[in-house]
Amino acid sequence: MTSVLYDAPGPKAKRRNIIFSAVFVALLALLVWWVWQVMDDKGQLQWALWKPFTEGEAWTTYLLPGLANTLKAAALAMVIALPLGAVFGIARLSDHRWVRVPAGAVVEFFRAIPVLLLMLFANEFYARSTDISSEVRPLYAVVTGLVLYNASVLAEVVRAGILSLPKGQTEAAHAIGLRKSQTMTTILLPQAVTAMLPAIVSQLVVIVKDTALGGALLNYSELVSARGTLAANYANVIPSFIVVAIIFIVVNFLLTSFASWLEARLRRSKKSTGAVLGAEKVDDLNAAEVGGTHGTGT
Amino acid sequence: MFDFLSDYDDPSLLGAFWVTVQLTVFSGIGSLVWGTLLAAMRVSPVPLMRGFGTAYVNIVRNIPLTVIIVFTSLGLADIFGVTMGAPDDFELQGFRLAVLGLVAYTAAFVCEAVRSGINTVPVGQAEAARALGLTFSQVLRLIVLPQAFRSVIGPLANVLIALTKNTTVAATIGVAEAALLMKEMIENEAQTVLIGAIFAFGFVVLTLPTGLFLGWLSKRLAVKR
């Protein structure tokens with residue numbers, strides 16, 4: 001174990017490490033003990049509050065339908081946002097100024113705005129200007145907000161994927177007589193999508209997490225609002241939070257693991273000549289530096 | 001066209017955005033401190049601390065911020081009795097709980113950014129410094145940290161901008177910041193699009209200069225290798 005910061009520990013350092021470990025364990029134990037005491041005081045540890053999770057009813061009535069709605073909104077948003085993102089990502093690379101500039105403005109605008117504002121706006125907009133029934137309106141609003149935001153992030157991912165390809169790919173395509181649109185659809189886009197797959201899967205984690213906003217503020221009946229009704233029914237606030245958090249952690253952990261597995265696999269097989277855009281790319285793109293000061297290839 | 005704005009004075013438009021700015025600043029400072037501590041744990045020679053740091057980051061990053069913020073109100077405040085020094089002032093309590101939740105969440109991302117900064121310093125630099133006879137604290141102070149901090153400005157700027165946008169989640173526990181005011185306005189007034197545009201503009205104004213300035217700074221200070 002070498003690191004920039006320390007050498008392999010000698011006898012003295014080993015002793016010091018043991019002391020640090022002991023102090024740390026003591027602090028951690030103190031915290032756990034306090035949490036345990038308070039939960040015991042407030043009756044949150046009673047088996048009756050945890051029991052529902054070992055039986056079918058809490059899952060079939062609340063948690064699973066909630067999770068299904070979370071995943072439904074996330075999947076819908078992803079399926080719509082991906083082609084939209086591809087279109088805008090390609091438009092940003094257009095040779096024509098009148099395509100490039102508006103596409104860039106749209107992408108940067110929706111990337112700079114909190115998803116919650118987009119959802120609230122969409123919800124109110126649908127209520128006033130369309131006759132979407134009020135039962136499905138929250139779903140529409142959540143998906144619209146997610147699509148607008150994530151399509152812009154995915155547009156940046158697509159753009160970065162295409163820019164990561166060597167220039168020779170385009171030149172060779174032109175040399176064998178392909179038109180610009182043919183070059184894009186048959187040469188660049190397939191390679192770019194492969195390079196971007198890990199980043200796209202990682203973006204799914206962001207989408208799954210953002211659906212929770214719809215439950216908290218738009219009455220969309222996903223996992224977080226299912227937790228509310230569940231806790232109102234069984235009076236188990238803390239257990240319900242813990243269980244819902246674990247569900248989110250498991251789902252997102254599976255997605256993250258899948259993304260890194262994919263990334264490792266793509267790096268190993270190396271079919272395309274471009275770079276593989278890993279999961280860490282997603283954190284940068286989700287921040288939205290307005291003006292596009294980042295950008296790979298520039 | 002804009003006269004409906006005068007109907008809102010608690011909070012006013014500027015007041016609500018001021019709360020957003022305050023949330024960002026306090027959570028930014030808090031998550032910088034807690035995130036740096038976490039990063040220190042993750043690169044420390046003590047395996048137990050490394051384990052704790054890794055577990056914290058992986059767990060917190062995968063929980064939606066909404067769940068964390070709602071938990072601070074329904075879990076921490078109601079069940080654990082954490083009042084953040086304001087047991088009677090619900091407005092202040094909500095604000096401080098929101099800051100606590102934002103710090104807990106954002107620190108995981110700060111930790112990853114800082115850790116990646118430390119990792120950009122080649123091991124050879126520290127080895128060379130030790131070969132020259134510098135002590136551990138000298139290696140850290142003179143060689144590693146200056147390079148790490150400079151390479152970390154860009155990622156940290158991204159975290160800060162994401163944090164600015166994430167403060168809107170505080171609306172879920174009733175903190176009177178921009179998103180909550182927009183929700184109220186958009187439900188009561190007829191000019192949906194105009195109100196949406198005003199708040200969108202507000203967030204662009206908050207994030208644009210930050211992004212541009214810190215982007216410029218990170219380019220200027222980047223260690224050329």
Side-chain angles (χ1 to χ4, degrees), chain A residues 1-7 9 13 17 20-21 24-25 28 35 38-39 42 44 109 112-117 120-121 124-125 128-129 205 208-213 215-217 224 227-228 231 237-238 241 244-245 248-253 256 280 283-284 286-291 293-294, chain B residues 43-49 52 58-59 62-67 70-71 74-75 78-81 109 112 116 118-119 121-123 125-126 130 136 139-140 144 154-155 157-159 161-162 165-166 168-169 171-172 179 182-183 186-187 192-193 196 199-200 203-204 207-208 211-212 215-216:
Chain A
M1 180 72 212
T2 46
S3 155
V4 194
L5 295 180
Y6 55 89
D7 268 328
N17 286 355
F20 276 133
S21 299
F24 190 67
V25 167
L28 218 55
V35 169
V38 176
M39 274 171 70
K42 304 277 175 177
Q44 292 291 321
F109 178 75
I113 295 173
V115 195
L116 181 57
L117 293 196
L120 290 173
F121 180 80
E124 207 55 34
F125 183 79
R128 285 172 196 221
S129 317
V205 174
V208 168
K209 287 199 288 182
D210 281 349
T211 53
L213 286 169
L217 277 165
V224 174
R227 188 216 61 81
V237 180
I238 302 290
F241 265 112
V244 164
F248 271 114
I249 292 168
V250 168
V251 169
N252 289 334
F253 180 75
T256 318
E280 69 281 359
D283 280 345
D284 295 348
N286 273 300
E289 287 167 42
V290 185
T293 39
H294 54 78
Chain B
V43 298
S44 82
V46 185
L48 211 68
M49 288 183 175
F52 175 80
N58 284 329
I59 289 173
N62 283 328
I63 302 177
L65 176 61
T66 319
V67 172
V70 174
F71 177 78
L74 297 181
D78 292 359
I79 304 284
F80 284 90
F109 295 88
E112 287 305 87
S116 71
I118 292 176
N119 283 343
V121 182
V123 183
Q125 299 246 348
R130 275 198 288 269
F136 175 76
V139 176
L140 207 62
V144 177
N158 284 338
V159 173
I161 291 167
K165 294 191 287 171
N166 280 341
T168 53
V169 180
T172 52
M182 166 164 154
K183 186 172 155 65
I186 215 166
E187 277 164 7
T192 321
V193 177
F199 281 91
F203 273 93
V204 173
T207 51
L208 182 73
L212 289 181
W216 170 81

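Quick note on labels: first sequence line is chain A, next is B, and so on, each numbered from 1. Keep in mind it's a predicted model, so treat the numbers as computed, not measured.
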Notebook entry, point to check: What's the spacing between A/Leu117 CG and B/Ile186 CD1 if we round to 0.5 Å?
Noted result: 8.5 Å
Next item on the list: State, to 0.1 Å, how close B/Phe80 and A/Met39 come at their nearest heavy-atom pair, and which atoms those are.
Entry: CZ-CG, 3.7 Å
Next item on the list: Show the numbers, then the answer: is there a side-chain contact (heavy atoms from CB on, under 4.5 Å) between A/Val237 and B/Phe71?
Entry: CA-CA 9 Å; A/Val237 180; B/Phe71 177 78; over 6 Å; no
Notebook entry, point to check: Which region of B/Val144, side chain (C-beta onward) or backbone (N, CA, C, O), has a non-hydrogen atom less than 4.5 Å from a non-hydrogen atom of chain A, or is it both or neither?
Noted result: side chain
Notebook entry, point to check: Tell me, side chain or backbone of B/Ser44 under 4.5 Å from chain A's heavy atoms, or both, or neither?
Noted result: backbone
Next item on the list: Heavy-atom distances under 4.5 Å only: say whether A/Phe121 touches chain B with side chain, backbone, both or neither.
Entry: both
Note to self: Nearest 0.5 angstrom please: B/Asn58 CG to A/Asn252 CG, how far?
What the structure shows: 11.5 Å
Item checked: B/Leu65, part contacting chain A, at a heavy-atom distance under 4.5 Å -> neither
Notebook entry, point to check: Looking only at heavy atoms, which two atoms of A/Ala216 and B/Thr172 are closest? And how far apart?
Noted result: CB-CG2, 3.5 Å
Margin query: Under 4.5 Å from any heavy atom of chain A, what part of B/Met182 do you find: side chain, backbone, both or neither?
Written below: side chain
Next item on the list: Heavy-atom pairs under 4.5 Å with chain B are the metric here; pick the option from A/Phe248, A/Phe241, A/Phe125 that has the most.
Entry: A/Phe241
Notebook entry, point to check: Can you tell me how far the CG atom of A/Leu120 sits from the OG1 atom of B/Thr192, to the nearest 0.5 Å?
Noted result: 12.0 Å
Item checked: Minimum heavy-atom distance between A/Arg227 and B/Leu74, given as atom pair plus value -> NH2-CD1, 3.4 Å
Check: Would one find more than 12 heavy atoms of other residues, nucleotides or ligands at under 6.0 Å from atom CZ of A/Phe253?
Finding: no
Notebook entry, point to check: Does B/Glu112 have any salt bridge (Lys or Arg N to Asp or Glu O under 4.0 Å) partners at least two apart in sequence or in another chain, and if so, which?
Noted result: B/Arg42, B/Arg115
Next item on the list: Return the minimal non-hydrogen interatomic distance between B/Ile79 and A/Lys42, and the atom names on each side.
Entry: O-CE, 2.9 Å
Note to self: Shorter than 4.5 Å, heavy atoms on both sides: which option in B/Leu48, B/Asp78, B/Val159, B/Val193 has the most such pairs with chain A?
What the structure shows: B/Leu48
Notebook entry, point to check: So which heavy atom on A/Ser21 is nearest to which on B/Val46, and how close?
Noted result: OG-CG1, 3.0 Å
Check: Side chain, backbone, both or neither: which part of A/Ile249 has a non-hydrogen atom closer than 4.5 Å to chain B?
Finding: both
Margin query: Between A/Val35 and chain B, with a heavy-atom cut-off of 4.5 Å, which part of the residue counts as in contact: side chain, backbone, both or neither?
Written below: both
Checklist line | Atom pair CG (A/Asp210) and OG1 (B/Thr66), whose distance is rounded to the nearest 0.5 Å | finding: 7.0 Å
Item checked: By salt bridge (Lys or Arg N to Asp or Glu O under 4.0 Å) - contacts of A/Lys209 (at least two apart) -> none
Next item on the list: For A/Pro114 and B/Lys165, work out which heavy atoms get closest and say how close.
Entry: CB-O, 3.6 Å
Next item on the list: To the nearest 0.5 angstrom, please state how far the CZ atom of B/Phe199 sits from the CG atom of A/Leu116.
Entry: 11.5 Å
Checklist line | Region of B/Leu140 in contact with chain A, defined by heavy-atom distances below 4.5 Å | finding: side chain
Notebook entry, point to check: Is it the backbone or the side chain of B/Gln125 that comes under 4.5 Å from a heavy atom of chain A, or both, or neither?
Noted result: neither
